[in-house]
J.: 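Submitted below is the structure of interest, expressed as structure tokens.
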Protein chains: 2
Amino acid sequence: MSPRRSDPQARSALIDIAAGLLAGEGPQALSARRIAAEAGSSTMTVYTNFGGMSGLVREMVHEGFARLETYFSHVATTGDPVADMAMYGRAYRHNALTNPHLYAVMFGGASPAGFSLTAEDRQHGRYTLSTVVECASRCIAAGRFRPGDAELVAHQLWTAVHGLVTLELGDYLIEPCNAGVVFEAQLTGLMVGAGDTFASATRSVGSSLERMGKEIVNVDPDPSYGESPRHGGG
Amino acid sequence: MSPRRSDPQARSALIDIAAGLLAGEGPQALSARRIAAEAGSSTMTVYTNFGGMSGLVREMVHEGFARLETYFSHVATTGDPVADMAMYGRAYRHNALTNPHLYAVMFGGASPAGFSLTAEDRQHGRYTLSTVVECASRCIAAGRFRPGDAELVAHQLWTAVHGLVTLELGDYLIEPCNAGVVFEAQLTGLMVGAGDTFASATRSVGSSLERMGKEIVNVDPDPSYGESPRHGGG
DNA sequence: TTTTTTACATAACGCTGTTATGCCAGGCCG
DNA sequence: CGGCCTGGCATAACAGCGTTATGTAAAAAA
């Protein structure tokens, strides 16, 4: 139509269109032809601007993390680090529920078949959680969480909330196990589990935990199905 | 080649081939043509036996849950329900790490673009966790977990472990946050969070939790990106 | 103004799931 | 035994995908 040269807004325009398509019609609408048609151009624009669909999806993932960071930045510091932490959890879930398809692209790989994130992309995403790590540090410093690695605690919270959100988006959580109820219970349980009662509680629970071996890893119901030997035994 | 009629083993043979392809070469090898070529037949076999790729993928999901159930059945009952529960968690993670691609298909939707599970499929998968629910009941009955809904507790554990496993498979967890370390810490924290120390711990933590409002859900950094109004507030 | 760069449109390649057509081996019935 | 008929499978085609080669024309550079 109007082939203007070096249009700096072309990139963000395409990203916006792709985001709208993803939000409105789901992942299957994320095709180069569809995006180009929506933008009134040909599929080549995707390649000149992003080098291919992977590049565009990558930008959308960054956009997704940017939105998450925006939500995080809107969490008001209450002075109570534990309360702040729970708010970060709620913000995380709210972001995922508000942008379900985008969240699926970020973590679930609901994108063009052969797409996979770069290590740098994952690093970028993990960096978004530095806010949570800092909050965990504050919780520990305030004596509300037991002394330990703040990053470890933050990862515990992250993985737990991520798991619930993922299953919630996949419609795996149904009544009467309301996702919101499970979420709030999860939040409380995580705070308690990370809390200062840990040491005493470990006395009653940990003894059983230590009794457990790991012989389960030797059980292989059908070795012929064995996939890549990824399981290193952690 | 040898067009034998009504071969009841054709289905499982195709499933086996598909599972092997998925395990060996990843999700992108899961194509009707590839499977047919591997089976020495044409793509029509996929349609006569499964009605399409979705049907075959569905069967593979069932296969995945069957493997998980097998692992669960190999968890020896130690007499300590909390220890058993932790073992279920380890079995769950072990199954996911042993069959990473299959696990991704089960929950991540790493399958043909437009594929989605039926409500019955999810019900089927959830049924696999009834073992964990029973174990939670035993934990509660033994006074090791605080009184409450066993299904709720089981779902908490499930979502937490699932989240960690998902991020681990997606290479989102890196050193020094070793996934195994996070996992064991998560297990312990979950047991403590669900434990009988909950009531007392809530006294110190819950007060802050109750102070939190939910005003975060009103923050919308960029409404133009708003996706489907899925967020019902749980 | 002339040259070069470069973004884009067009068309094609190889791939995907899916479907219509036709063949041909079985089971069934006369 | 011979003819019919059902149905699984192979072949080929259709629509769509990501990607790429080629050509064109406009913007930047000389």
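In the text below, chain A, chain B and the rest are named by the order of the sequence lines, each starting its count at 1. In this text, all values refer to a predicted model and were calculated from it rather than measured experimentally.
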J.: Rounding to an integer number of Å, can you tell me how far A/Q28 CD sits from D/dC17 P?
T.: 10 Å
J.: Closest heavy-atom contact between A/A150 and A/A136?
T.: O-CB, 3.6 Å
J.: So, B/F107 versus B/Y103, ring centres under 6.0 angstrom or not?
T.: yes
J.: Between N or O atoms, less than 3.5 Å apart, protein on one side and nucleotides 12-15 of chain C on the other: list the pairs.
T.:
residue: C/dA12; atom: N6; partner: A/R33; partner atom: NH2; Å: 3.4

J.: Using modelled atom types only, decide if a donor and an acceptor are shared between the side chain of B/R93 and the backbone of B/F183 within a distance under 3.5 Å.
T.: no
J.: Rounded to whole angstroms, how far apart are CG on A/N49 and C1' on C/dT6?
T.: 12 Å
J.: Which residue, B/S42 or A/M44, contacts DNA chain D at a nucleotide closer to its 5' end, judged by nearest heavy atom?
T.: B/S42
J.: Starting at atom OH of A/Y47, determine the distance to atom P of D/dT22, rounded to an integer number of angstrom.
T.: 17 Å
J.: When you get a sec, tell me which of D/dT19, C/dA9, D/dC9 is the closest nucleotide to the side chain of A/A32?
T.: D/dT19
J.: Distance from B/L187 atom CG to A/Q156 atom CD, nearest 0.5 Å?
T.: 9.5 Å
J.: Rounded to whole angstrom units, what separation is found between the CE atom of A/M53 and the P atom of D/dT20?
T.: 14 Å
J.: What is the distance, to the nearest angstrom, from the CG atom on A/L14 to the C1' atom on C/dC8?
T.: 12 Å
J.: Report yes if the side chains of A/L30 and A/R34 come closer than 4.5 Å at any heavy-atom pair, otherwise no.
T.: no
J.: How long is the line joining CG of B/L21 and P of C/dT16, in whole Å?
T.: 11 Å
J.: Within less than 4.0 Å of OP1 or OP2 of D/dC9, is there a side-chain N or O belonging to B/S41?
T.: no
J.: To the nearest angstrom, how far is B/L56 atom CG from C/dT16 atom P?
T.: 15 Å
J.: Please examine the side chains of A/W158 and A/Y92, heavy atoms only from C-beta on, and report whether any two atoms are closer than 4.5 Å.
T.: yes
